[in-house]
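The block underneath contains the structure these notes are about, expressed in structure tokens.
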Amino acid sequence: MGDSFRRSDDDLSVNALLNYGYAVMRAVVARALVGSGLHPALGLHHHNQYVGLCLADDVMEPFRPWVDIQVRQIVEQQSEPQIDRSTKQILLGQLSETVDWKGDRMPLMVASHHLAANLRQALGESGVKLHYPKRIADD
């Protein structure tokens, strides 16, 4: 968003888009965690008794830049960006984008389930490395 951008700025439209995008990623990660038998409230780094998705917040952190990139593209393409049907579709569309997970290509939503299963394995076995999906550069 540029060096001068701050999340506390008065630019409510950009902050609203970021919040929406982060909420989408957080929900996908939380769903994948629960599907893998992990409790999304028991965090590794996030610890807050008032937040029910601490583990989801931990796991979704590396996805924040993905949302940031998408929101920046929206801001560059629209003179007055806002949360509406078209921007929601763009941000939700990230979930079906093809990503690389350990050499396999799959939609981000599917990769989130592989990530959650990998995290469960890493928590239970020493020596297991956690793998995050990687964005595939535009050709």
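These numbers were taken from a predicted model, which means no experiment stands behind them.
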Check your understanding: Taking all non-hydrogen atoms of both residues, which atom of D100 and which atom of G103 are closest, and how far apart?
Key -> OD1-N, 3.3 Å

Check your understanding: Does the Q94 side chain pair with the main chain of W66, one donor and one acceptor, at a distance under 3.5 Å?
Key -> yes

Review point. Do K88 and I83 have side chains that get closer than 4.5 Å, going by heavy atoms?
Key: yes

Check your understanding: What heavy-atom pair brings L38 and A116 nearest, and what distance separates the two atoms?
Key -> CD1-O, 3.8 Å

Review point. Side-chain contact, heavy-atom cut-off 4.5 Å: Q78 with Q73?
Key: no

Practice item. Report yes if the side chains of L33 and L119 come closer than 4.5 Å at any heavy-atom pair, otherwise no. Key: yes

Check your understanding: Mind checking whether V71 and T87 have side chains closer than 4.5 Å, heavy atoms only?
Key -> no

**Study point:** Pairs meeting criterion ring-ring contact (aromatic ring centres under 6.0 Å, His included) with involvement of residues 67-94, two or more places apart
**Key:** none

Point to revise | Contact summary for S36 and A117, nearest pair of heavy atoms | key: OG-N, 3.3 Å

Review point. Counting N and O atoms only, with roles assigned by atom type, does the side chain of N118 sit under 3.5 Å from a partner on the main chain of K129, one being a donor and the other an acceptor?
Key: yes

Review point. Taking the side chain as C-beta and beyond, is there a heavy-atom pair between H131 and H114 under 4.5 Å?
Key: no

Practice item. Looking only at non-hydrogen atoms, find the nearest pair between S13 and P81 and report the distance. Key: CB-O, 2.8 Å

Review point. Do Q70 and L91 come within less than 4.5 Å of each other through their side chains, counting heavy atoms only?
Key: yes

Point to revise | W101 side-chain N/O to M106 backbone N/O, donor-acceptor pair under 3.5 Å | key: no

Exercise for review: Flag the pair Y132 / F63 as yes when their ring centroid distance falls below 6.0 Å, and as no otherwise.
Suggested key: yes

Practice item. State, with a plain yes or no, whether a side-chain heavy atom of L130 is found less than 4.5 Å away from one of L115. Key: yes

Check your understanding: Given side chains that start at C-beta, do those of M25 and V67 come closer than 4.5 Å, heavy atoms only?
Key -> yes

Check your understanding: Is there a path from V14 to L92 through hydrophobic residues (I, L, V, M, F, W, Y) whose side chains come within less than 4.5 Å of each other?
Key -> yes

